[in-house]
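First comes the structure, then the notes that go with it.
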Amino acid sequence: MFFTPASSGFPAEVFFLPKRRGTGKMRILDLSFPRSASWRRESRKTIPGSRVSARDDKQKPMEKYNHKEIEKKWQKIWADQKIFEVEVDEKKPKFYGLIEFPYPSGDGLHTGHPRSNTAMDIICRKRKMEGFNVLYPIGFDSFGLPTENYAIKMGVNPKIITEKNIQIFTRQLKSLGFGFDWSRVFSTTDEDYYKWTQWIFLQMFKNGLAYKAKEAINWCTSCKVGLANEEVVNGKCERCGGEVVQKEKEQWILRITKYADRLIDDLGTVDYLEKIKTQQINWIGRSEGAEVDFSITTTPPSTAVGAPLLRKEGISSPSEGEVVRSERTGGVADTLKVFTTRPDTLFGATFMVVAPEHEIISNFESRISNFGEVKKYIEESKKKTDIERTDLAKEKTGVELKGIKAINPVNNKEIPIFVADYVLMGYGTGAIMAVPAHDTRDYEFAKKYGLEIVEVVKDIKALKHENIKTKEECFIGDGVAINSGEFDGLTTVEFKEKITAWLEEKGIGKKTVNYKLHDWIFSRQRYWGEPIPMVYCETCAKKKTTVLIIHGFGGHSQENWFPWFKKEMEARGINIFIPDMPNTDSPKLEEWLESLEKLKDKFAGDLMVIGHSLGAPAACKFIEKNNLAVKKLILVGPAGKNCLNLEGLRKAGFDESDLEVAKDFCGEEPDWKILNKLAEKKVVYLSENDPFIIASDAKKEYKALNPEFIVFENKGHFNEGYGIKEFPEILKEFAELENNGWVPVPENELPVVLPEIEDFMPTDSGDSPLAKATDWINTKCPVCGGPAKRETDVMPNWAGSNWYFIRYCDPKNNKMMVDPKKAKYWLPVDWYNGGMEHTTLHLLYSRFVWKFLYDINAVPRECGNEPYKKRTAHGMVLGEGGIKMSKSKGNVINPDDYVQKFGADTVRLYEMFMGPFDQQIPWDDKGVVGVYRFLNKVWDLQEKVNRNQKSEIGDKKLLTLLHQTIKKVGEDIENMRFNTAISAMMILVNEMEKQPELRVTDYELLITILSPFAPHLSEEIWSQLGHKKSILFESWPEYDPKLIVADEIEIGVQINGKLRDAIAISIKASEDEIKSVVLASPKVKKWLDGKEPKKIIYIKGKIVSIVV
RNA sequence: GCCGAGAUGGCGGAAUUGGUAGACGCACACGACUCAAAAUCGUGCGGAGCAAUCCAUGAGAGUUCGAUUCUCUCUCUCGGCACCA
């Protein structure tokens, strides 16, 4: 280790400090180093070569504690006695402490890991001593790009690298003595684990939360992988910094947006740091406002200015001035829909802006007179990378769409339409109404192009205080309406409400909520991830499914849950028909059947029919009459006379003519036996309080049909009056349907094991490297048994880390994701600590997945709808000099060296002592020495302990300090103020050192409160004090409230606000006594200089302030 | 640009219902032990001054008997978001 320069002749130790991190060199002390004069003097006298033996002889006999031996010994004892291995124990309260499981990178553990791990270890050890059944698990988040990239470079299977890295991490983590339950360890790359990650995906698919769609995705040109929006930072890849471009690709996507509201609202029920909550809320970015339709007119102005101009589908654009009403369904209306959070500024909307990608531009191509110019602008903006687009933010550009105008619905004014890239297609509707008087961006744009600015909100503050000037000419705050016709004088809040109601009434707008959050792109075109358990079957894809919904009496296609359902089905690539039936208000069965027969030719593939209300009997007759083979028949209502609830209908207010209609449809029973044969699967929805159908009768009547009955409490027919907007329960009926040919792998075939391949290189075409594994790809279709191909994309890294904390409760279960009994006991996590860098994505995703699992009862109700009760965050450990640690900078600090040199306890203690836990702190090599000295002092104190004498020795002051320290350490741990807790213990130890003798009980208390921080040392001392059991079985000490009050206190004396004196006085002294003592003090007398005090203020136990 | 956090000795930091600024640790200086070094122990350690004292918590103002703590203005640093309508 050491070498002696031949020229020097000095013992090597004089000149060389221990090896430093990173440099690989010895640090050489400069001989001109200005050491003490005596050192220089003495060093000149030294005789080379005579020292080493002398040192050995005369070294102070003080035995330093042997951290290497002690730490090894206690780590073995903890493991042998399985002290941290826990099981469900209903008799004890549980505590589940969680840290982010590490990614086993090739660099090994760095100093950031022990910071979080030690903190939670301290908390968990304290909880254990407080009597809790503590679960503190560990595992590895082992899928991921760095390993895969390394594998590509070295040509080794990532599996081998991962296993090796995990071994290194395991050894390192064990060397630090964390109280992990190692019996529960797993890695996300374990087949037993990712089987359930895949299972969760399948549940999402079956519940309509996973879909495959062709979408422009963020494509990292360097990693050759699609990224979630969340993974793109400033237009660059979060991971490698490579350029990100848009690429069209079929992707698996998870509907996280469905949970957006709950992900915000439920934050009210958890104990997270405020800033973490804010980050979640900002990321989801919910904003409430209104959608408003602006009609479009062509110039020269149409004769019907202000009337909405509508266009039939298929006609490229209307002729001048023509007004065409579109069909209610299927037509593309010529309105420009905008989203605004400020509908109250509608009167100030003087122009409109659409994003370059907006369809209106191509729809009106022939009417836009300057289309060439527009096209050029669009192409230029497409060429800009995201970075350029943001860089150019200062200067807004755009082109007017000449030849078309929009009409402001509130005042019928014609306003121009622009295309500009400051409007984003991805948010709202991709079009805005521009209100330059009250929006900075619109203001900038209007100024540049000389557009009209109409002020419609008056600043109330400015009205009250005329001298206050607003900073800019454009006022964006709330105020009072002006220039807004009948709405003048309303406050912004009132106005928003009124105008939204007005828009809804007129049918030109509605209240809307928008989110920044997008659905989560879940495909990665890589190798080292969980295979997505889906199979593509061309036969099934061709087959296609047709869904037909027959609405009820007085119904039509645009109401109830039908529009929502149509969208859901279309997203799955399913043909769906919801025809408007003839004479809906006085329907005749014959007419309906005729109209349905006309549709028949359009059906393709398997047919599924839903009959809703009066549509139910119509559906039955339709199928029977036309001898249609139906894959599934769903009836929501009575189809025959026996279960028709005539009494209920009368009570519900239907008159006799209505009942005649019911009789027309239901009077003649369908032939149930034939229907039973024609329909492969039958489901009947019932509700206990449905006025149309009596559930018990229905069950009898439908007996011959042999259906599955689904009974809802209050949802079978109509819910909440007429027309629920969404009916998610029904989606399950379509779960096994093909999604454009995508078929889920049957659950009993999981896991879909990642095949071993040789070439991991991703392709420029955007296909996963798995696409080359032909043996693996070709499989059988689980539905039709024909040849099919496996999905070759894999899941993102987040997939495994979403739910790992659930699996810890029951890591070896091969029957289910988690045993509900165990989940019920351990979950939710009581305290989760991790880095700030994971408080948006990982936290959001895992909360989403938890909520989903909660909804489908995969985690029991008792666990609640939030996975983490409490979430805190630690600051990053920076390299020396305050620079972020990175391999490329060569300043990564490996805790191994410090564990070797100073021991695990020192590393743990230093990581906690270096500064406030939540702030980022640079690592300081020298600082480590301080806590090492402290631990040695604690060890050396053993010499002072009087083991026989348990009675009063030592003074009361020490006892007071001891109990104050117990109090402080306990409180500081709870608040994660570990640095001050350690400092308090240092003060106590310094004080104990000064004592000639120590009571063994006092020393034991010190060791007990120190034990969570420095467990090895504490255990060793504890056993040397004669205890047989681990200190972890000791209870956490309580301080004596009487003892924490000192007998004598020091009180400061201020004269005219300046501190002039301090006097020591008994705690029992009264205010008057204190005042007289103060006034008698010579220093005070001197400063008073004979003057009479005007006022004497006494703050109890703190200060006396004299005013002259 | 917006949101959030922060700025205290040579360094990491402590102290807030407004009440003795600089705890604890590092570094440094001197001393003890040693032939010597390391380790250890002791003393000192914000600045100016021989001292009494004065000045000091990013800068400037204010409230108060008293402000690191509260209010206002400004500067800088860090983190998050970034044309989100």
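Letters go in sequence order (proteins before strands), and every chain restarts at 1.
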Using purine N1 to pyrimidine N3 plus N6-O4 or O6-N4 for Watson-Crick, or N1-O2 and O6-N3 for G-U wobble, both under 3.5 Å, which nucleotide pairs with [N]?
| N | answer |
| --- | --- |
| rG62(B) | rC70(B) |
| rA5(B) | rU77(B) |
| rG18(B) | none |
| rG44(B) | rC28(B) |
| rA36(B) | none |
| rC83(B) | none |
| rA52(B) | none |

Using the [atom1] atom as the reference point in each nucleotide, state the distance between [N] and [M] in Å, no decimals.
| N | M | atom1 | result |
| --- | --- | --- | --- |
| rU16(B) | rA67(B) | C1' | 10 Å |
| rA14(B) | rC41(B) | P | 25 Å |
| rC2(B) | rG22(B) | C1' | 36 Å |
| rG58(B) | rG6(B) | P | 13 Å |
| rU40(B) | rG25(B) | P | 13 Å |
| rG9(B) | rG47(B) | C1' | 9 Å |
| rA23(B) | rC76(B) | C1' | 28 Å |
| rU17(B) | rC70(B) | P | 11 Å |

His438(A) side chain to Asp478(A) backbone, donor-acceptor under 3.5 Å: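 Flag not set: sc His438(A) to bb Asp478(A) has no pair under 3.5 Å.
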Which residues pass the side-chain hydrogen bond (donor to acceptor under 3.5 Å, both in side chains) test with Arg871(A), not counting sequence neighbours?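 Counting only residues at least two positions away or on another chain, Arg871(A) forms a side-chain hydrogen bond (donor to acceptor under 3.5 Å, both in side chains) with Glu100(A).
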Among side-chain atoms of [X] and [Y], is any donor-acceptor pair under 3.5 angstrom?
| X | Y | value |
| --- | --- | --- |
| Tyr910(A) | Asp924(A) | no |
| Lys937(A) | Asn990(A) | yes |
| Asn514(A) | Ser287(A) | no |
| Thr118(A) | Glu911(A) | no |

Aromatic contact between Phe978(A) and Phe913(A), with the criterion being ring centroids under 6.0 Å apart: yes or no? no
Can the ring centres of Tyr515(A) and Tyr427(A) be said to be less than 6.0 Å apart? no
Roughly how many Å is it from [atom1] in [X] to [atom2] in [N], rounded to a whole number?
| X | N | atom1 | atom2 | value |
| --- | --- | --- | --- | --- |
| Arg286(A) | rC3(B) | CZ | P | 20 Å |
| Tyr443(A) | rC83(B) | OH | C1' | 17 Å |
| Leu424(A) | rC81(B) | CG | C1' | 14 Å |
| Met985(A) | rG25(B) | CE | C1' | 13 Å |
| Trp939(A) | rU40(B) | CH2 | P | 17 Å |
| Tyr427(A) | rC81(B) | OH | C1' | 14 Å |
| Lys275(A) | rC78(B) | NZ | P | 16 Å |
| Leu878(A) | rU77(B) | CG | P | 17 Å |

Nucleotide of rA23(B), rU20(B), rC65(B) approaching Ile987(A) most closely (side-chain heavy atoms):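 Shortest atom-to-atom distance from the side chain points to rA23(B).
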For the side chain of Thr340(A), starting at C-beta, report the closest nucleotide among rA85(B), rG19(B), rC26(B). rA85(B)
Determine the contact category for [X]: base if any of its heavy atoms lies under 4.0 Å from a base atom, sugar-phosphate if only primed atoms, P, OP1 or OP2 are that close, otherwise nothing.
| X | result |
| --- | --- |
| Ser1105(A) | base |
| Asp1061(A) | nothing |
| Asn1056(A) | sugar-phosphate |
| Ile1099(A) | base |

Ranking Met836(A) and Ile1103(A) by the position along RNA chain B of their nearest nucleotide, the one closer to 5' is Ile1103(A)
Quick check on RNA chain B: between Thr278(A) and Val1107(A), whose nearest nucleotide comes earlier from the 5' end?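 Checking each residue's closest nucleotide, the 5'-ward one belongs to Thr278(A).
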Any cation-pi pair here, Lys396(A) with Phe445(A), using under 6.0 Å and within 45°?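 Geometry flag: not set, cation outside 6.0 Å or 45°.
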Taking only the side-chain nitrogens and oxygens of Arg933(A), find out if one of them lies under 4.0 Å from OP1 or OP2 of rU40(B). yes
With respect to the phosphate group of rA85(B), does any side-chain polar atom (N or O) of Thr429(A) fall under 4.0 Å of OP1 or OP2?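 For Thr429(A), the contact criterion (side-chain N or O under 4.0 Å from OP1 or OP2 of rA85(B)) is not met.
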Atom [atom1] of residue position [X] - does it have more than 12 heavy atoms of other residues, nucleotides or ligands inside 6.0 Å?
| X | atom1 | answer |
| --- | --- | --- |
| Ile476(A) | CD1 | no |
| Lys511(A) | NZ | no |
| Lys448(A) | NZ | yes |

Answer with yes or no whether Lys1094(A) presents, from its side chain, a donor or acceptor under 3.5 Å of a partner atom in the base of rC65(B). no
Under 3.5 Å, is there any donor-acceptor pair linking the side chain of Gln1054(A) to the base of rU20(B)?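 When only heavy-atom distances are counted, Gln1054(A) does not reach the base of rU20(B) through any donor-acceptor pair under 3.5 Å.
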Which is it for rG13(B), anti or syn, if anything within 90° of zero counts as syn?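 The base of rG13(B) is oriented anti (glycosidic angle more than 90° from 0).
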How does protein contact run along nucleotides 6-16 of chain B, one letter per nucleotide 5' to 3', with B for base contact, S for sugar-phosphate only, - for none, heavy atoms under 4.0 Å? ------BSS--
Nucleotides 42-54 of chain B: protein proximity per nucleotide (B base, S sugar-phosphate only, - neither; heavy atom, under 4.0 Å): -----------SS
Yes or no on side-chain contact (heavy atoms from CB on, under 4.5 Å) for Val399(A) and Ile378(A), after CA distance, side-chain angles and deciding distance? CA-CA 9 Å; Val399(A) 174; Ile378(A) 292 168; over 6 Å; no
